[in-house]
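In this text the structure is predicted, and so the values were computed from the model without any measurement.
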Amino acid sequence: EKSYEVPPAKNGSAIATKNCVMITVQRGNGDTPLVTKEDGGIFSDDPEQQSAEITEYVQLQLESGGKTEVLIRAEGNVTAKQLKRIEQAVGEVLEEGKMINLAVSEVGK
């Protein structure tokens with residue numbers, strides 16, 4: 001399966017990261033990416049459990065963490081399919097019209 005190829009995030013984008021729930025997605029082993037929270041905590045490596053945990057975490061951060069947006073930082077070799085599942089998990093709790101910000105770093109950087 002082809003890796004996700006999107007342009008790398010440009011510097012000086014208009015989002016304030018302090019307002020963002022940050023999730024980092026890395027290649028990981030097998031089919032499930034390694035997904036971590038801003039504080040370094042790791043979500044389950046079982047796909048369904050992982051999705052549920054991400055949804056719960058984002059909801060908590062938006063409700064009580066003072067966060068207003070979500071930023072998914074993905075390494076360039078994460079597949080589109082994996083990223084879509086993470087985005088769907090986040091989308092479960094985002095209000096209508098709220099954006100998911102995606103920053104993809106190039107492979108090997």
Side-chain angles (χ1 to χ4, degrees):
E1 187 176 2
K2 181 170 148 346
S3 285
Y4 205 72
E5 288 182 26
V6 294
K10 294 193 171 33
N11 293 338
S13 58
I15 61 164
T17 53
K18 66 177 173 30
N19 298 334
C20 289
V21 182
M22 288 226 257
I23 295 172
T24 303
V25 185
Q26 295 167 289
R27 190 74 175 94
N29 298 321
D31 291 337
T32 311
L34 174 68
V35 187
T36 51
K37 305 172 187 178
E38 198 170 352
D39 65 6
I42 299 173
F43 293 102
S44 170
D45 59 4
D46 172 74
E48 281 184 34
Q49 180 69 27
Q50 187 182 72
S51 292
E53 286 179 10
I54 290 169
T55 301
E56 192 179 338
Y57 173 72
V58 170
Q59 185 166 21
L60 198 66
Q61 291 291 311
L62 291 172
E63 284 175 1
S64 57
K67 308 288 187 181
T68 54
E69 295 185 67
V70 178
L71 174 62
I72 299 175
R73 296 170 55 190
E75 293 200 339
N77 57 356
V78 173
T79 66
K81 186 177 169 189
Q82 290 172 338
L83 212 46
K84 183 127 189 80
R85 185 175 56 76
I86 308 293
E87 285 182 17
Q88 282 171 335
V90 169
E92 294 281 326
V93 291
L94 278 190
E95 291 166 28
E96 205 65 44
K98 284 260 189 207
M99 295 280 294
I100 295 175
N101 301 288
L102 192 57
V104 176
S105 48
E106 293 178 75
V107 182
K109 289 277 162 86

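Using a 4.5 Å heavy-atom threshold, the side chains of Val90 and Ile54 count as touching. In this structure, the side chains of Gln82 and Val25 stay at 4.5 Å or more apart for every pair of heavy atoms.
Between the CD1 atom of Ile72 and the CD atom of Glu87 there is a distance of 5.0 Å, given to the nearest 0.5 Å. The distance from the CG atom of Asn19 to the OG1 atom of Thr68 is 4.0 Å, given to the nearest 0.5 Å. Of the inter-residue distances, the one linking Arg27 atom CZ with Thr79 atom OG1 reads 6.0 Å to the nearest 0.5 angstrom.
Closest heavy-atom contact between Gly91 and Ile100: N-CD1, 4.2 Å. Nearest heavy-atom pair, Ala89 versus Ser51, reported as atom, atom and distance to 0.1 Å: CB-O, 3.5 Å. Residues Phe43 and Thr36 approach most closely at CE1-C, 4.0 Å, considering heavy atoms.
Other residues, nucleotides and ligands contribute only 12 or fewer heavy atoms inside 6.0 Å of the CG atom of Asp31. The number of heavy-atom neighbours closer than 6.0 Å to CD of Glu56, taken from other residues, nucleotides and ligands shown, is 12 or below. No more than 12 heavy-atom neighbours from other residues, nucleotides or ligands sit within 6.0 angstrom of CZ on Arg73.
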Practice task
Decide side chain to side chain contact (heavy atoms under 4.5 Å, CB included) for Val35 and Glu53; before the verdict, give the C-alpha distance in whole Å, the side-chain angles of both, and the deciding distance to 0.1 Å.
Solution key: CA-CA 10 Å; Val35 187; Glu53 286 179 10; over 6 Å; no
Practice task
Take Lys67 and Val58 through the side chain to side chain contact (heavy atoms under 4.5 Å, CB included) test and state the conclusion after the steps.
Solution key: CA-CA 9 Å; Lys67 308 288 187 181; Val58 170; over 6 Å; no
Exercise for the section: Could you go through the side chain to side chain contact (heavy atoms under 4.5 Å, CB included) check for Arg85 and Gln50 one step at a time? Expected result: CA-CA 10 Å; Arg85 185 175 56 76; Gln50 187 182 72; 2.7 Å; yes
Exercise for the section: Check the pair Val78 / Ile86 against side chain to side chain contact (heavy atoms under 4.5 Å, CB included), numbers first and verdict last. Expected result: CA-CA 11 Å; Val78 173; Ile86 308 293; over 6 Å; no
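Following chains of ILVMFWY side-chain contacts shorter than 4.5 Å, one cannot reach Leu34 starting from Val104, and the two form parts of different hydrophobic clusters.
Between the side chain of Glu38 and the main chain of Val21, no donor-acceptor pair closer than 3.5 Å is present.
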